[in-house]
> 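Would you mind keeping the following structure in view while I ask a few things?
The analysis underlying the following values was restricted to heavy atoms, covering all of them including side chains, and did not include hydrogens, waters or symmetry mates. Lettering of chains follows the sequences in order, A, B, ..., and the numbering in each one begins at 1.
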Protein chains: 2
Amino acid sequence: MEADEAVETIQREMTAFARRARASAGRMHPELSLVSYTLLGHLEESGGCRATDLAAHYALDKSTVSRQVAALERARLIERRVDPDDHRVQVLHLTAAGRRILAQVTESRRTAFRERLAGWPREDLERFAAYLVRYNAWSPESAGDEAEGR
Amino acid sequence: MEADEAVETIQREMTAFARRARASAGRMHPELSLVSYTLLGHLEESGGCRATDLAAHYALDKSTVSRQVAALERARLIERRVDPDDHRVQVLHLTAAGRRILAQVTESRRTAFRERLAGWPREDLERFAAYLVRYNAWSPESAGDEAEGR
DNA sequence: AGATTCAAGTTGTACTATACAACCAAGCCG
DNA sequence: CGGCTTGGTTGTATAGTACAACTTGAATCT
């Protein structure tokens with residue numbers, strides 16, 4: 001069956017990609033690992049949030065986030081502000097330096113992706129993007145939704 | 001420009017995927033990491049090869065492969081046979097157990113992917129698969145080939 | 001109010017994947 | 001033969017991660 005073959009290919013290619021991505025991202029941007037980049041990006045988008053939120057959002061252990069945050073703070077890329085309403089909470093914010101590095105790495109990553117995708121017809125880019133969104137949006141809980149038209 | 005937006009989306013989604021993949025693969029199949037799985041798969045496809053070939057193919061350091069191979073051998077999933085023509089070389093082969101585990105994990109992964117991709121029209125599956133192949137096939141040396149019709 | 005439970009973070013510990021460098025051992029070549 | 005090359009291992013170091021134990025502050029339930 002051809003559909004099965006396509007699933008197989010998707011599986012193989014996604015796996016291959018996953019295997020390579022982290023390492024190559026690290027080589028491209030030694031100053032900001034993929035994880036740090038992601039966390040910084042979230043802080044920018046969200047305009048500041050708690051370590052716990054990051055952990056929940058990215059399915060990471062709170063200890064992992066704690067250490068990442070500590071490293072980012074040490075590097076002066078983020079700062080912690082204790083929430084006056086709840087002294088357990090530290091709200092994380094990008095510093096100016098953090099914003100700068102983030103922008104720089106984003107730009108450099110964008111360039112790499114643009115280069116890699118150069119020559120793709122716009123229609124293909126848009127379809128590929130849509131497929132990826134759809135693929136990533138899947139979660140066990142949402143399984144079956146589409147089939148039932150929700 | 002819409003094409004740029006699509007590139008941005010691809011970037012973001014690929015990144016998100018990469019971040020999650022390894023960990024989730026590990027959770028799904030504690031008995032065989034993504035790397036081990038990949039190496040075993042290569043041995044099956046190739047019908048036996050050298051550690052150096054694996055390293056080259058997956059852009060891993062030979063020391064990394066050496067240790068992976070050692071672990072897989074310890075687990076009795078592969079075996080080494082010294083090449084009679086060149087005593088430096090160890091040709092790696094799957095054992096029966098290795099073949100069994102590989103098949104089992106492949107099946108389980110396939111199921112997960114099938115579930116995730118359930119409800120996708122066959123046409124979309126095929127297009128997505130083709131896009132991924134194209135995306136992964138890219139390498140710095142090949143850049144520009146398409147534009148020049150090679 | 002006091003005791004208990006809950007939530008946010010930190011720290012200790014351990015493991016995996018990885019790289020780089022130094023090394024060894026076997027072939028190969030002039 | 002002697003030196004270079006190639007395949008592989010080992011020592012060492014780092015990043016990212018998890019889990020468990022702990023601290024501290026908040027909330028809740030008598």
Side-chain angles (χ1 to χ4, degrees), chain A residues 15-16 18-40 48-75 77-92, chain B residues 15-16 18-40 43 48-75 77-93:
Chain A
T15 304
R19 204 176 3 78
R20 273 185 259 120
R22 205 180 287 248
S24 71
R27 256 174 258 124
M28 259 198 294
H29 315 289
E31 72 282 15
L32 207 57
S33 76
L34 201 52
V35 184
S36 302
Y37 175 71
T38 306
L39 297 184
L40 251 44
C49 70
R50 302 174 304 165
T52 299
D53 299 335
L54 294 175
H57 198 269
Y58 296 110
L60 293 170
D61 192 81
K62 55 189 179 159
S63 65
T64 301
V65 174
S66 174
R67 283 182 240 266
Q68 288 285 334
V69 162
L72 290 172
E73 190 192 29
R74 230 177 295 121
L77 302 183
I78 66 176
E79 57 183 28
R80 323 183 191 213
R81 302 182 195 153
V82 172
D83 184 337
D85 295 354
D86 184 341
H87 283 206
R88 292 169 305 181
V89 170
Q90 306 172 0
V91 183
L92 308 173
Chain B
T15 304
R19 202 175 5 78
R20 271 184 261 122
R22 206 180 287 248
S24 70
R27 256 174 260 126
M28 260 197 295
H29 315 289
E31 71 284 14
L32 207 57
S33 77
L34 201 51
V35 184
S36 302
Y37 174 72
T38 306
L39 298 184
L40 251 45
L43 288 185
C49 71
R50 301 173 306 164
T52 298
D53 300 334
L54 293 175
H57 199 270
Y58 296 111
L60 292 170
D61 192 83
K62 56 189 179 159
S63 65
T64 301
V65 173
S66 174
R67 284 183 239 265
Q68 289 285 334
V69 162
L72 290 172
E73 190 191 31
R74 231 175 297 122
L77 302 183
I78 66 176
E79 58 184 26
R80 323 183 191 215
R81 302 182 195 153
V82 173
D83 184 337
D85 294 353
D86 184 341
H87 282 206
R88 291 169 305 179
V89 171
Q90 307 172 0
V91 184
L92 308 173
H93 292 272

> Which parts of nucleotides 7-19 of chain D does protein reach within less than 4.0 Å, heavy atoms only, written one letter per nucleotide 5' to 3' as B for base, S for sugar-phosphate only and - for none?
SBBBBB---SSBB
> Do side-chain atoms of B/Thr38 reach the backbone of B/Leu34 as a donor and acceptor pair under 3.5 angstrom?
yes
> Against B/Gln90, only a single residue in B/Glu79, B/Arg80, B/Arg81 fulfils side-chain contact (heavy atoms from CB on, under 4.5 Å); can you say which?
B/Arg80
> Please determine whether side chain to side chain contact (heavy atoms under 4.5 Å, CB included) holds for the pair A/Val35 and A/Tyr58, giving the CA-CA distance in whole Å, both sets of side-chain angles, and the decisive distance to 0.1 Å.
CA-CA 10 Å; A/Val35 184; A/Tyr58 296 110; over 6 Å; no
> Apply side chain to side chain contact (heavy atoms under 4.5 Å, CB included) to residues A/Leu54 and A/Leu92 and explain how you reach the verdict.
CA-CA 10 Å; A/Leu54 294 175; A/Leu92 308 173; 3.9 Å; yes
> Give the intermediate values and the outcome of side chain to side chain contact (heavy atoms under 4.5 Å, CB included) for residues A/Leu60 and A/Gln68.
CA-CA 11 Å; A/Leu60 293 170; A/Gln68 288 285 334; 6.0 Å; no
> With respect to B/Asp85, which candidate in B/Val89, B/Asp83, B/Val82 satisfies the side-chain contact (heavy atoms from CB on, under 4.5 Å) definition?
B/Asp83
> Listed by chain and number, what are the salt bridge (charged side-chain N to carboxylate O under 4.0 Å, His left out) partners of A/Asp61, not counting sequence neighbours?
none
> Give me the first and last nucleotide of DNA chain C, going 5' to 3', that has any atom under 4.0 Å from a heavy atom of chain B.
C/dA17 to C/dG27
